[in-house]
Protein chains: 2
Amino acid sequence: MSPARPSGTRERILAIAREQFARKGFTGTSIADIAGELGTTTAALYYHFSSKADILAALLEEPMAAYTRIIRGLDSGSPSAEDLLSAFIDLAVDSREMATIVDRDPTVLAMIDERLPRTSQEMTDQVIAALAGPDSGRAGVLRAHAAFAAIKEATLAAVADPGRPDSPDAPGHSPGTLDPADRAEILAAALRALRP
Amino acid sequence: MSPARPSGTRERILAIAREQFARKGFTGTSIADIAGELGTTTAALYYHFSSKADILAALLEEPMAAYTRIIRGLDSGSPSAEDLLSAFIDLAVDSREMATIVDRDPTVLAMIDERLPRTSQEMTDQVIAALAGPDSGRAGVLRAHAAFAAIKEATLAAVADPGRPDSPDAPGHSPGTLDPADRAEILAAALRALRP
DNA sequence: GTCTATACCCGGATAGAC
DNA sequence: GTCTATCCGGGTATAGAC
């Protein structure tokens with residue numbers, strides 16, 4: 001996707017933007033903020049990206065592709081609820097900063113909906129329906145919402161705090177990754193929420 | 001704070017702002033947007049509120065008080081996890097528009113933290129700790145995150161869509177309220193997520 | 001690739017007439 | 001209580017030199 005010759009600056013911009021967007025939100029972060037941390041002027045930024053929205057789009061490219069891949073798996077074949085939830089744990093880990101940005105800022109949601117064939121609302125609905133399964137009725141849909149939200153928030157909480165207070169001697173796993181024990185715990189909790 | 005005699009205009013402003021903030025976000029909504037729907041100019045708005053932040057504060061007054069009430073219940077005595085989750089279902093129903101605004105917009109979070117004795121982060125941590133219970137370790141904390149998120153999202157989903165596809169003949173409950181059956185379903189799901 | 005300088009617009013907020 | 005008019009700041013983005 002990315003052009004053949006990344007100058008390095010482009011990647012630095014993306015890293016800075018990702019961090020600031022996550023912390024202050026997309027609309028709450030200005031081009032000047034990013035340029036400031038980059039150590040250049042705003043004008044220099046526009047050599048690498050043609051707009052602020054462009055930066056966001058670049059940051060969202062990977063996560064969106066991953067999400068689309070999961071959705072496509074729903075079109076062809078019917079993965080189990082466990083497989084689905086498991087896939088969304090991975091997605092949450094890989095795109096932890098982006099995950100918060102996307103559904104926190106309505107402006108971002110709107111931008112995404114402009115560039116995508118299916119609206120984000122439709123995509124979510126499809127996931128919920130797949131999690132609920134056929135003939136599960138309204139109760140099943142509500143449980144699917146519960147399980148989906150549980151997966152996302154618990155995973156974000158786990159990667160945000162890599163500490164392991166219950167085993168002080170054990171080496172904390174590396175930050176930005178999900179401890180396998182945590183992963184199992186989260187998946188089990190979500191599955192219990194999903195199944196009565 | 002509020003004058004003795006609400007002209008009615010003040011309430012209209014709040015209603016319009018609540019709807020637009022919920023739909024487009026706080027930063028995504030301009031004073032001009034609100035004034036436009038109100039049918040006046042922006043200057044007229046400033047007769048009723050001294051700033052945009054003031055409008056937000058007025059909208060948050062009730063929900064914040066309710067939240068604080070729940071937290072205070074944690075300081076004195078130890079309510080059961082079920083009672084806690086139940087209280088948060090009610091809170092989510094009563095403040096459904098505000099619930100999304102608050103944790104979606106980092107700007108709003110920052111404003112709240114300025115006016116409150118405890119930061120919202122601390123308040124959330126306290127709730128999570130109370131839900132997890134003593135000596136539950138990291139796994140318990142993760143389950144608490146899962147249950148808390150499940151409660152909020154499932155409740156918002158339920159009130160957002162008052163339809164009842166599984167019983168077409170039953171009269172749909174009034175919008176903005178939570179069907180007792182839905183409520184029971186959500187609470188049970190969250191409790192399952194919480195307890196292994 | 002990065003700079004200086006600046007155009008341009010939009011949002012919040014105020015002054016003062018009515 | 002609402003208006004007209006306006007100020008001010010900040011934000012995106014561009015022009016053109018280096």
Side-chain angles (χ1 to χ4, degrees), chain A residues 2-60 101 105-108 110-112 114-115, chain B residues 1-60 101 104-108 110-112 114-115:
Chain A
S2 15
R5 269 310 75 208
S7 58
T9 306
R10 184 188 162 91
E11 301 308 316
R12 283 187 57 218
I13 293 172
L14 289 178
I16 293 170
R18 176 162 36 228
E19 189 275 328
Q20 296 209 13
F21 286 170
R23 186 159 42 86
K24 303 181 294 186
F26 177 73
T27 41
T29 302
S30 71
I31 297 284
D33 290 337
I34 300 173
E37 195 173 323
L38 184 65
T40 69
T41 59
T42 64
L45 261 177
Y46 282 90
Y47 174 81
H48 301 276
F49 294 92
S50 61
S51 73
K52 189 182 172 187
D54 240 46
I55 299 177
L56 178 66
L59 287 172
L60 286 177
I101 297 175
D105 198 323
T107 313
V108 173
M111 290 177 117
I112 291 178
E114 272 175 17
R115 308 199 182 201
Chain B
M1 301 298 169
S2 26
R5 266 313 75 208
S7 58
T9 306
R10 185 188 163 91
E11 302 307 316
R12 281 186 58 218
I13 292 171
L14 288 178
I16 292 170
R18 176 162 36 228
E19 189 275 327
Q20 296 208 13
F21 286 170
R23 185 157 44 84
K24 302 180 295 185
F26 177 72
T27 39
T29 303
S30 71
I31 297 283
D33 289 338
I34 300 173
E37 194 173 324
L38 185 64
T40 69
T41 60
T42 65
L45 262 179
Y46 282 90
Y47 175 81
H48 301 275
F49 294 92
S50 60
S51 73
K52 190 184 173 187
D54 240 46
I55 300 177
L56 178 65
L59 287 172
L60 287 177
I101 297 175
R104 267 190 182 178
D105 198 324
T107 312
V108 173
M111 290 176 117
I112 290 178
E114 273 176 17
R115 308 200 182 202

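Letters A, B, ... are given to chains in the order of the sequence lines, protein chains preceding strands, and every chain is numbered from 1. Heavy atoms only: backbone and side chains are in, while hydrogens, waters and symmetry mates are out. Bear in mind that the values here come from a model prediction, so they are computed numbers and not experimental data.
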Practice problem: Return the set of residues passing side chain to side chain contact (heavy atoms under 4.5 Å, CB included) with B:A53 (not counting sequence neighbours), or none when no residue passes. | Solution: B:S51, B:M111, B:R115
Practice problem: Scan residues 40-51 of chain B for pairs that pass salt bridge (Lys or Arg N to Asp or Glu O under 4.0 Å), counting only residues two or more places apart or in two chains. | Solution: none
Quiz item: Can you name the residues that form a salt bridge (Lys or Arg N to Asp or Glu O under 4.0 Å) with B:R23, not counting sequence neighbours?
Solution: B:E19
Quiz item: Considering residues at least two apart in sequence or located in another chain, which fulfil the side chain to side chain contact (heavy atoms under 4.5 Å, CB included) criterion with A:A44?
Solution: A:T40, A:T41
Quiz item: Can you check the A:L38 CG to C:dC3 C1' distance for me, whole Å?
Solution: 13 Å
Quiz item: Among all residues two or more places apart in sequence or in another chain, which pass the side chain to side chain contact (heavy atoms under 4.5 Å, CB included) test with A:T29?
Solution: A:Q20, A:F21, A:K24, A:D33, A:I34
Quiz item: Roughly how bent is the helix from C:dG1-D:dC18 to C:dC18-D:dG1 end to end, in steps of 10 degrees, with each end axis from five pairs?
Solution: 0°
Quiz item: Heavy-atom distance under 4.5 Å between the side chains of B:D105 and A:D105, does that happen here?
Solution: no
Quiz prompt | Separation of atom CZ in A:F49 from atom P in D:dT12, rounded to whole Å | solution = 15 Å
Quiz item: Is there any salt bridge (Lys or Arg N to Asp or Glu O under 4.0 Å) pair reaching into residues 44-54 of chain A, and which pairs are they, with sequence neighbours excluded?
Solution: none
Exercise. Could you state the atom-to-atom distance from OH of B:Y47 to P of D:dT4 in whole Å?
Key: 18 Å
Practice problem: Sugar-phosphate means primed atoms, P, OP1 and OP2; the rest is base. With that split, encode nucleotides 4-18 of chain C 5' to 3' as B, S or - using protein heavy atoms under 4.0 Å. | Solution: B------SSBBB---
Quiz prompt | All pairs passing ring-ring contact (aromatic ring centres under 6.0 Å, His included) where residues 31-59 of chain B contributes a residue, at least two apart | solution = none
